[in-house]
There are 6 protein chains.
Amino acid sequence: MRPSGRALDQIRPVSFTRGFTAHAEGSVLVCFGDTKVICNATIEEGVPRFLKGKGQGWVTAEYGMLPRATHTRNRREASSGKQGGRTVEIQRLIGRSLRAAVDLKALGERTITVDCDVIQADGGTRTASISGASVALAEALNALVRDGKLAANPMRGHVAAVSVGIYQQTPICDLEYVEDSAADTDMNVVMLEDGRMIEVQGTAEAEPFTPDELNAMLALASKGIDDIVVAQKSALAE
Amino acid sequence: MRPSGRALDQIRPVSFTRGFTAHAEGSVLVCFGDTKVICNATIEEGVPRFLKGKGQGWVTAEYGMLPRATHTRNRREASSGKQGGRTVEIQRLIGRSLRAAVDLKALGERTITVDCDVIQADGGTRTASISGASVALAEALNALVRDGKLAANPMRGHVAAVSVGIYQQTPICDLEYVEDSAADTDMNVVMLEDGRMIEVQGTAEAEPFTPDELNAMLALASKGIDDIVVAQKSALAE
Amino acid sequence: MRPSGRALDQIRPVSFTRGFTAHAEGSVLVCFGDTKVICNATIEEGVPRFLKGKGQGWVTAEYGMLPRATHTRNRREASSGKQGGRTVEIQRLIGRSLRAAVDLKALGERTITVDCDVIQADGGTRTASISGASVALAEALNALVRDGKLAANPMRGHVAAVSVGIYQQTPICDLEYVEDSAADTDMNVVMLEDGRMIEVQGTAEAEPFTPDELNAMLALASKGIDDIVVAQKSALAE
Amino acid sequence: MRPSGRALDQIRPVSFTRGFTAHAEGSVLVCFGDTKVICNATIEEGVPRFLKGKGQGWVTAEYGMLPRATHTRNRREASSGKQGGRTVEIQRLIGRSLRAAVDLKALGERTITVDCDVIQADGGTRTASISGASVALAEALNALVRDGKLAANPMRGHVAAVSVGIYQQTPICDLEYVEDSAADTDMNVVMLEDGRMIEVQGTAEAEPFTPDELNAMLALASKGIDDIVVAQKSALAE
Amino acid sequence: MRPSGRALDQIRPVSFTRGFTAHAEGSVLVCFGDTKVICNATIEEGVPRFLKGKGQGWVTAEYGMLPRATHTRNRREASSGKQGGRTVEIQRLIGRSLRAAVDLKALGERTITVDCDVIQADGGTRTASISGASVALAEALNALVRDGKLAANPMRGHVAAVSVGIYQQTPICDLEYVEDSAADTDMNVVMLEDGRMIEVQGTAEAEPFTPDELNAMLALASKGIDDIVVAQKSALAE
Amino acid sequence: MRPSGRALDQIRPVSFTRGFTAHAEGSVLVCFGDTKVICNATIEEGVPRFLKGKGQGWVTAEYGMLPRATHTRNRREASSGKQGGRTVEIQRLIGRSLRAAVDLKALGERTITVDCDVIQADGGTRTASISGASVALAEALNALVRDGKLAANPMRGHVAAVSVGIYQQTPICDLEYVEDSAADTDMNVVMLEDGRMIEVQGTAEAEPFTPDELNAMLALASKGIDDIVVAQKSALAE
């Protein structure tokens with residue numbers, strides 16, 4: 001029934017390519033099927049003004065899309081002079097998700113910024129970004145440990161995210177663009193690897209959803225995220 | 001256990017004052033306890049460019065806070081030159097929530113903009129805004145019916161929203177500021193009056209949450225929203 | 001002859017509601033008839049950079065209108081990315097008027113910002129704003145005295161403002177919207193309670209005015225301001 | 001008593017150099033002593049959107065200062081990304097003053113924009129701008145008449161402006177920078193050549209002023225403007 | 001003598017990967033050694049306003065860098081609210097270079113926008129961008145021919161660019177970052193494949209250069225561009 | 001053959017008027033025929049952040065045009081909220097050219113900003129700006145020497161610039177607007193007075209150019225710049 005022939009609970013082929021660019025402390029190309037995002041983690045000493053002297057670090061994220069990551073060209077945000085509402089919403093979500101996975105006290109007065117830049121979009125750019133950013137963040141933190149700047153990696157575990165939705169009255173996992181644009185409900189779920197939830201954002205695009213549908217979607221998400229965490233761990237083990 | 005002495009499932013006193021300002025087609029002052037928001041609905045003929053000629057209407061929202069709605073003064077967004085990320089996120093949520101409740105085809109080529117301006121904040125400004133905007137929207141649509149421009153009100157029912165969260169390990173409903181700033185998890189739930197969900201946005205501020213906690217929060221939200229819908233109906237019946 | 005039936009020198013019913021919102025050091029809802037403005041005074045320690053180390057304080061103002069304070073909706077300035085020329089002009093006028101009434105040396109290195117936000121407009125929003133801001137400012141300064149931070153209130157007296165104009169060849173006082181939009185000349189006068197002038201801004205909208213007309217308008221303004229000062233004093237005495 | 005040795009009612013040497021730049025329909029360099037402003041009037045067919053189809057024209061103005069027109073360098077507004085409050089206030093004043101002198105119906109659906117760019121500042125840049133803009137506007141309108149596009153020049157007379165103030169307790173006319181920065185009250189007066197007033201803007205910088213002082217200042221302004229109008233007429237007669 | 005051991009006239013390994021992303025009409029990843037740029041060409045019907053009705057097309061370019069394309073992170077231009085001066089300068093250069101190679105009349109009323117986004121920078125990002133954009137543009141124009149929308153490809157030949165400079169008193173070709181940052185003179189040369197010049201931009205970073213040095217650099221550039229054109233042709237022949 | 005009857009290698013009448021405005025440390029009106037630019041040099045103590053503590057000074061430039069410097073009015077950049085791409089490109093070129101002529105170490109921790117404001121444009125505004133800015137810079141630096149703040153003027157010689165181009169298949173020097181807008185190639189050359197090059201920027205507007213044409217243009221530029229340097233020296237000798 002799905003355009004791709006995938007099973008209802010089947011995520012797309014997922015890959016995490018580490019060291020994708022040369023300069024960042026953590027650099028990952030994440031692919032969720034045809035959705036491709038470069039995630040670069042940058043470590044800088046110091047923290048934003050509102051955290052000065054509080055003895056903790058900060059993790060934040062920025063999100064962007066190449067103008068032609070999509071079927072038609074979008075105006076370049078740098079040239080239009082501001083980030084659109086969708087961009088702002090997504091990068092705040094990525095930042096919150098990552099922070100929930102890091103012990104900021106243990107990080108010390110450092111700021112890690114993860115840039116997620118979509119080079120090709122086919123649905124699920126925010127969930128791919130979160131999942132890829134988690135690997136780039138882990139890579140950067142491991143480097144701090146290797147360099148003797150941290151005694152241990154302050155991540156509480158991997159963070160992964162997947163979209164779920166109601167498509168043709170049926171809950172499915174990891175929607176690609178053709179499914180997403182026709183779905184009644186679209187939900188993004190972010191979890192720690194232990195199965196606890198960090199973010200749940202469900203939106204009824206066309207039809208409101210019931211508590212039963214919500215729980216069906218959450219079960220799909222939980223399984224999909226397990227599969228993604230396996231891929232994350234495997235990438236970091238290489 | 002709650003600072004206000006409220007029961008865990010008890011919402012704050014809720015009121016909807018219709019006709020609060022003179023010019024808007026729908027104007028409501030909504031109070032959720034000490035959180036006070038002016039919701040003004042404006043009807044304009046025509047639709048945004050991306051909807052031209054599609055035979056449907058549009059409902060959108062904008063959100064703002066008076067600089068001194070909060071304990072300390074926030075910089076005025078008009079003067080800083082842009083809306084902050086939080087503002088953008090909230091007004092997109094309000095707009096989506098309202099659209100989910102309106103038959104846009106039946107509305108015809110009209111645009112309704114609901115301005116939600118917080119004059120005093122004590123937690124839950126976005127849920128108060130959605131709930132008040134729903135009443136202002138209904139008021140404006142009723143006027144279109146009264147004026148013979150629409151045969152029937154195209155709303156599918158009231159929309160209401162409430163926040164729920166985990167506070168001191170316990171799920172509670174309708175958090176005020178002192179609870180919100182200390183909560184482990186904060187979730188905003190938007191429902192149609194028939195109990196179906198339009199938006200669910202849960203964020204682990206401090207501690208990830210489990211599926212059981214999620215379901216406990218959803219149950220609280222459902223009860224709280226029922227109480228709010230009663231107040232909405234009563235306000236519109238006056 | 002006036003649409004409202006008022007005498008030529010009669011101001012609209014004026015009220016000042018103190019403590020209108022909860023958080024500001026001074027908070028006043030001022031009504032000049034159907035024109036309603038929330039005036040919130042915020043005290044912050046320190047002064048802007050250009051005053052650092054000069055041993056004096058600063059008083060400034062910002063002005064805004066809810067998008068639907070008027071008959072038709074105005075674009076939200078926060079969303080259009082800048083304050084319009086009219087807004088800038090008005091908030092500079094309010095700030096200058098307030099500063100002229102305060103002994104800035106006696107204030108010490110503090111900054112008081114008064115936010116004037118129009119929630120309903122029917123002509124005279126700038127004169128209502130100045131008159132209300134004066135009460136909010138007095139309230140905030142009295143609090144500093146009460147808290148022992150100042151020995152005495154450094155205001156030199158109340159500041160009040162009223163509009164006068166030439167309407168159907170006749171000078172009148174405190175124009176409401178229908179008068180204002182048809183007037184030949186529009187003048188805003190700001191005075192200290194002792195009758196001395198702080199600002200006089202007269203504009204020939206349609207017909208230039210003569211020195212005699214100017215003096216007739218100033219006499220009306222003086223009487224109107226006396227009436228407003230009585231209301232200000234009464235509000236602060238409560 | 002004045003730093004320059006001028007009499008209390010004596011304006012600075014005033015000159016209007018026509019044809020100062022080559023391309024504008026009207027181009028004037030105006031000097032009020034050491035204050036020098038280039039005033040260029042541009043005629044364009046058509047009117048702004050809010051006037052479309054109303055059978056009238058429009059006159060507007062823009063104001064700027066070279067960054068080093070003043071004793072110390074000001075940041076270039078084009079590079080800071082917005083016009084400051086003072087700039088906005090002044091260009092609105094210039095535009096209103098010019099419009100009051102033109103029969104916009106007789107102008108037809110044309111827009112005239114007068115750019116006033118201060119190349120050297122020594123007090124009174126706004127009054128020099130208005131007086132010079134009036135000559136540039138007349139020059140441009142005369143060209144329309146000469147080209148047969150208008151039957152007669154639609155100006156109702158010259159517009160001129162001068163500053164007056166209270167300096168060392170004494171009313172004086174046409175303040176230069178050293179007087180302006182030490183004055184208690186600063187007033188700008190704009191008049192038609194027939195002596196009727198278009199704008200009066202008086203501000204108590206340090207001390208409030210009395211009605212008597214106001215009238216003394218107005219008398220000085222009237223005499224000063226008479227002198228300026230003589231120079232305007234002489235420049236246009238060449 | 002060169003850090004990489006390259007000969008003075010030797011360019012870095014150059015590659016053009018076609019079809020790098022899925023949606024653009026032409027998509028190329030160009031690598032000049034470790035400098036990597038994604039070049040996406042988008043075809044849109046219609047032309048900018050200033051060309052409407054002139055019977056010709058338009059080719060333009062936009063340039064950006066991922067924030068962490070460089071050794072340290074640069075602020076994201078979309079978030080800072082404007083494109084920096086360097087970005088503007090480069091994208092104007094790319095656009096001019098491409099337009100010089102296309103018969104815009106033969107293109108018809110179409111606009112082609114080539115987005116050049118640097119994902120990894122090691123010197124020469126503008127010359128790599130121009131060279132890659134030329135291939136993406138050719139790919140997009142070939143598609144128009146294939147689809148029967150154009151009778152023939154309106155390009156006058158390939159465009160390629162290379163940087164040359166004076167490094168340790170010696171002219172060298174295709175500077176990488178370590179050479180570029182230590183060079184006395186930096187010149188970018190853009191040529192058509194027939195050896196004629198489209199742009200020459202030479203800047204004395206530290207020491208002015210002589211006509212002899214200029215000619216030595218141009219000779220190196222000519223040879224380097226020949227090598228790049230071979231690679232461009234080979235990529236398009238695949 | 002040239003519209004003005006000038007010889008192919010003949011520059012327009014060039015003049016440098018020193019002390020053109022009163023406040024700047026160096027102030028020059030430069031005229032290249034009908035192109036007129038005010039160049040004001042401002043000296044400020046201190047350097048931009050990126051140079052703090054490096055024991056050197058900084059020289060930078062800003063460029064602007066009065067809205068009606070040209071045949072039709074351009075939108076004021078201060079009002080449109082940003083500097084256009086052409087403006088940014090030109091001011092970066094001016095700044096680089098001036099810096100190449102100054103020993104920044106010898107300048108000490110000072111910043112000199114040269115504002116180039118075009119009041120009338122007839123082609124060659126950037127070359128006139130550079131040539132005039134060089135004189136204004138020299139004037140400002142001489143003042144530092146005169147005041148005993150510098151032991152010697154840290155300029156390495158005069159900087160001058162001229163445009164050359166291919167017009168009707170013929171290389172010519174110092175193009176005015178009618179030539180510039182019809183030229184096949186446009187090149188700007190910046191040289192030190194000793195004949196060494198600082199910047200060469202050649203653009204094929206319509207037809208690519210050959211190395212022989214490039215060398216013919218450079219020879220013309222060298223002669224034209226010699227003539228300009230004579231005028232610069234003569235202006236400074238007065």
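These numbers come from the heavy atoms of this one structure, side chains and all, not from hydrogens, waters or symmetry mates. The chains referred to below are lettered A, B, ... by the order of the sequence lines, with proteins before strands, and numbering in each begins at 1.
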Are there residues of [range] that reach to under 4.5 Å of chain E by heavy atoms, and which ones?
| range | answer |
| --- | --- |
| residues 70-79 of chain A | A:Thr70, A:His71, A:Arg73, A:Arg76, A:Glu77, A:Ala78, A:Ser79 |
| residues 118-145 of chain A | A:Ile119, A:Gln120, A:Ala121 |
| residues 25-49 of chain A | A:Glu25, A:Ile38, A:Asn40, A:Ala41, A:Thr42, A:Glu44 |

For chain A, which residues of residues 50-59 of chain E have heavy atoms nearer than 4.5 angstrom
none
At a heavy-atom separation under 4.5 Å, does A:Asp117 approach chain E through its side chain, its backbone, both, or neither?
side chain
Just by modelled atom types, is the E:His23 backbone N or O under 3.5 Å from a matching donor or acceptor in the A:Arg68 side chain?
yes
